[in-house]
Number of protein chains: 2
Amino acid sequence: MGRPQKTHRASKDRSLNTRQALREAALELMDRDNSFDGLSLREITREVGVVPTTFYRHFSDMESLGLELVAESFRTLRELLKVARQTAVPGEKMIRRSVETFVTYVRAHRRHFQFLARERFGGVAAIREEIRTEVRLLQSELATDLGRFPVLKTWSTEDLNMVSGLMINAMIGIVEQVLSSRRRGQDDDELIMIAEKQLRLIILGVPQWRSQGD
Amino acid sequence: MGRPQKTHRASKDRSLNTRQALREAALELMDRDNSFDGLSLREITREVGVVPTTFYRHFSDMESLGLELVAESFRTLRELLKVARQTAVPGEKMIRRSVETFVTYVRAHRRHFQFLARERFGGVAAIREEIRTEVRLLQSELATDLGRFPVLKTWSTEDLNMVSGLMINAMIGIVEQVLSSRRRGQDDDELIMIAEKQLRLIILGVPQWRSQGD
DNA sequence: TGTACATCAGTGAACGCGCGTTCACTGATGTAC
DNA sequence: TGTACATCAGTGAACGCGCGTTCACTGATGTAC
């Protein structure tokens with residue numbers, strides 16, 4: 001009992017590597033052409049360099065691999081938001097810097113973002129629903145964050161959700177554009193500028209809101 | 001030569017019907033579960049009740065059927081916009097009524113909108129690109145429309161595009177929500193209310209824009 | 001330290017199946033004269 | 001009006017292929033004692 005509990009250590013390491021390799025192969029193949037729905041189990045194992053039956057050592061079927069990719073992709077996205085929350089200090093350049101960080105991050109993790117974008121409306125119901133649940137969660141988290149800003153302190157939860165929904169839709173639009181142009185540099189500069197303007201336009205409307213009633 | 005030019009009339013009628021039936025079967029099957037990428041040619045002909053080879057009498061391959069569905073779906077969308085343009089009289093209730101029309105129309109043509117939403121990020125590159133081209137076109141048309149409003153007369157083309165992009169992203173978000181809830185009635189009322197608020201928030205920001213410079 | 005046993009990721013053959021595509025055909029309809 | 005010919009949507013058999021899944025296996029590693 002005093003001995004280290006590293007049961008099947010090496011065996012588990014190998015297992016973890018293959019498991020991860022299967023996930024990565026799926027993302028890679030989806031980046032090359034397919035939707036998740038169009039991927040085959042054999043295609044994925046071929047990419048990894050293992051025999052098809054090995055797949056079943058790690059996942060019961062394709063859907064369970066897909067759900068794991070959803071979780072993995074949202075972990076990536078949440079890391080971005082965590083950093084954004086810590087570094088975002090309200091001020092002149094806050095929006096600009098947030099958008100820059102966002103675009104750079106999407107480029108750096110394009111396969112995760114592409115997976116989410118593609119499967120949000122995609123062909124596998126369980127995956128689609130999981131993604132939607134997570135997006136809704138994200139939206140209310142953003143709403144909570146927004147509620148801390150002085151101008152928004154008096155807003156109802158519903159209205160805060162409405163604004164955060166608008167912002168998230170704008171951001172999804174940005175993701176689409178980042179994903180559809182493979183080039184970096186100049187393309188991104190323009191994208192960043194547009195996204196910044198869109199967010200600023202939304203924010204300009206905010207102080208006018210209540211005075212107009214609803 | 002004086003005779004009516006109805007060459008192969010009945011033959012062509014039959015052909016048109018089957019062609020249309022193939023398109024509709026594809027939409028129906030996509031509504032049931034799959035992404036376009038996951039559909040098979042045989043599945044579609046089975047649904048129509050013809051032999052697989054008949055498919056080739058009408059389309060060279062699946063991709064060409066897909067591209068025809070893109071065209072068909074955008075024809076549907078453009079009809080909505082045409083009506084919207086003719087009936088939209090600026091005023092108190094304009095936004096509300098536009099959003100109501102929009103949601104009702106999306107419900108009535110859910111399979112077309114679902115196809116576009118799904119394949120916009122989908123697995124077939126040619127289809128994805130065709131959809132993006134059309135969306136971009138739509139965006140600049142809306143920008144032109146917006147430019148006719150007094151408040152926006154002095155805006156640059158780039159900024160008008162920025163606003164229309166924001167609005168289109170908000171509308172795509174609405175489409176997603178309409179598609180993901182099969183119920184009508186109360187759900188839609190709430191959706192309509194949120195969409196109306198989002199558009200109104202964007203519009204509230206507009207008069208503030210220039211005074212802030214950029 | 002040495003040995004017998006348990007675990008389990010990865011193997012490789014085999015299965016039945018639905019797939020896309022080819023081919024020569026059929027038969028209804030339209031056209032020419 | 002009648003007949004010979006052209007067109008062409010739909011047929012049905014056949015092909016080779018990649019698919020998901022099963023099964024009994026191997027062999028590396030860890031555990032018990």
Side-chain angles (χ1 to χ4, degrees), chain A residues 1-26 29-30 32-69 123-124 126-127, chain B residues 1-26 29-30 32-69 123-124 126-127:
Chain A
M1 283 300 162
R3 254 180 257 174
Q5 287 281 78
K6 38 169 150 175
T7 317
H8 293 153
R9 179 88 162 76
S11 178
K12 270 186 183 162
D13 275 3
R14 184 172 46 150
S15 167
L16 281 173
N17 291 338
T18 306
R19 195 184 179 84
Q20 191 183 329
L22 288 168
R23 273 192 259 111
E24 274 168 18
L29 290 168
M30 287 181 72
R32 243 178 261 161
D33 29 56
N34 292 308
S35 62
F36 184 79
D37 200 28
L39 282 185
S40 81
L41 181 154
R42 285 177 109 100
E43 214 177 344
I44 293 172
T45 55
R46 209 182 299 127
E47 177 80 11
V48 173
V50 291
V51 111
T53 36
T54 296
F55 185 90
Y56 294 104
R57 298 286 171 208
H58 301 282
F59 304 99
S60 59
D61 51 23
M62 285 290 287
E63 185 174 298
S64 97
L65 184 152
L67 290 173
E68 222 165 84
L69 286 177
V124 183
I127 293 176
Chain B
M1 285 299 161
R3 254 182 256 173
Q5 287 282 78
K6 40 168 150 176
T7 318
H8 294 154
R9 180 89 161 74
S11 178
K12 270 186 184 164
D13 275 3
R14 185 171 45 149
S15 168
L16 280 173
N17 290 337
T18 305
R19 195 183 180 85
Q20 190 182 328
L22 288 168
R23 272 192 260 112
E24 275 168 17
L29 290 168
M30 288 182 70
R32 245 177 261 163
D33 28 58
N34 292 309
S35 61
F36 185 79
D37 199 29
L39 282 185
S40 81
L41 181 154
R42 286 176 108 101
E43 214 177 345
I44 294 172
T45 55
R46 208 181 300 127
E47 177 79 11
V48 174
V50 292
V51 112
T53 35
T54 297
F55 185 90
Y56 295 104
R57 298 287 170 207
H58 300 282
F59 304 99
S60 59
D61 51 22
M62 285 290 286
E63 186 175 298
S64 97
L65 183 152
L67 290 173
E68 222 165 85
L69 286 177
V124 183
I127 292 176

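Atom set for the values below is all heavy atoms of this structure, side chains included, hydrogens, waters and symmetry mates excluded. Order of the sequence lines sets the chain letters (A, B, ...), proteins ahead of strands, with each chain counted from 1.
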Colleague: Take atom CG of A:Asn34 and atom C1' of D:dG18, then tell me their distance rounded to the nearest Å.
Modeller: 14 Å
Colleague: Nearest-Å distance, CD (A:Glu43) to P (D:dC17)?
Modeller: 18 Å
Colleague: With a 4.0 Å cut-off on heavy atoms, is B:Tyr56 in touch with a base, just the backbone sugar-phosphate, or nothing at all?
Modeller: base
Colleague: Can you give me the closest heavy-atom contact between A:Glu47 and A:Ala25, atom names plus distance?
Modeller: CG-CB, 3.5 Å
Colleague: Using Watson-Crick and G-U wobble pairs whose two distances are both under 3.5 Å, how do you write the pairing of DNA chain C as dot-bracket, with | for links to another strand?
Modeller: .||||||||||||||||||||||||||||||||
Colleague: Check every strand shown and say whether B:Arg19 touches a base, only sugar-phosphate, or nothing at a heavy-atom separation below 4.0 Å.
Modeller: nothing
Colleague: Closer to the 5' end of DNA chain D via nearest nucleotide, is it A:Ser60 or B:Arg42?
Modeller: B:Arg42
Colleague: Can I get a per-line list of side-chain donor-acceptor pairs under 3.5 Å for residues 56-64 of chain A, giving both atom names and the distance, sequence neighbours left out?
Modeller:
residue	atom	partner	partner atom	Å
A:Asp61	OD1	A:Glu63	N	3.4
A:Asp61	OD1	A:Ser64	N	3.1
A:Ser64	OG	A:Asp61	O	3.4

Colleague: What integer distance in Å separates B:Leu41:CG from D:dG18:P?
Modeller: 18 Å
Colleague: For the side chain of B:Thr54, counting heavy atoms from C-beta on, which of C:dT21, D:dG20, D:dT11 is nearest?
Modeller: D:dT11
Colleague: Do A:Leu22 and A:Thr45 have side chains that get closer than 4.5 Å, going by heavy atoms?
Modeller: yes
Colleague: Could you check how far CZ of B:Arg46 sits from C1' of D:dG12, rounded to whole Å?
Modeller: 16 Å
Colleague: Report yes if at least one side-chain N or O of A:His58 is closer than 4.0 Å to OP1 or OP2 of C:dC8; otherwise report no.
Modeller: no
Colleague: Counting C-beta onward and ignoring hydrogens, is there a side-chain heavy-atom pair between B:Leu41 and B:Ile44 closer than 4.5 Å?
Modeller: no
Colleague: Nearest whole Å is fine: how far is D:dT21 P from A:Leu65 CG?
Modeller: 13 Å
Colleague: Can you tell me the distance, in whole Å, between the CG atom of A:Asp61 and the P atom of D:dT22?
Modeller: 11 Å
Colleague: With A:Phe55 as reference, evaluate A:Val48, A:Val50, A:Leu65, A:Thr18 under the side-chain contact (heavy atoms from CB on, under 4.5 Å) test and give the passing residue.
Modeller: A:Leu65
Colleague: B:Ser40 has a side chain; which of D:dG20, C:dG20, C:dG10 sits nearest to it?
Modeller: C:dG20
Colleague: Rounded to whole Å, how long is the line connecting atom CE of A:Met62 with atom P of D:dC19?
Modeller: 11 Å
Colleague: Compare the minimum distances between each of C:dT11, D:dT21, C:dG20 and the side chain of A:Val51, then state the nucleotide with the smallest one.
Modeller: C:dT11
Colleague: With heavy atoms under 4.0 Å as the rule, sort A:Thr53 into base, sugar-phosphate or nothing.
Modeller: base
Colleague: Before giving the answer on side-chain contact (heavy atoms from CB on, under 4.5 Å), spell out for A:Asp37 and B:Asp37 the whole-Å C-alpha distance, their side-chain angles and the decisive distance to 0.1 Å.
Modeller: CA-CA 7 Å; A:Asp37 200 28; B:Asp37 199 29; 5.7 Å; no
Colleague: Phosphate oxygens OP1/OP2 of D:dT21: is one of them under 4.0 Å from a side-chain N or O of A:Arg57?
Modeller: no
Colleague: Separation of A:Asn17 atom CG from C:dC8 atom C1', in whole Å?
Modeller: 15 Å
Colleague: With rounding to the nearest 0.5 angstrom, report the CD to CG distance, A:Glu24 to A:Leu69.
Modeller: 10.0 Å
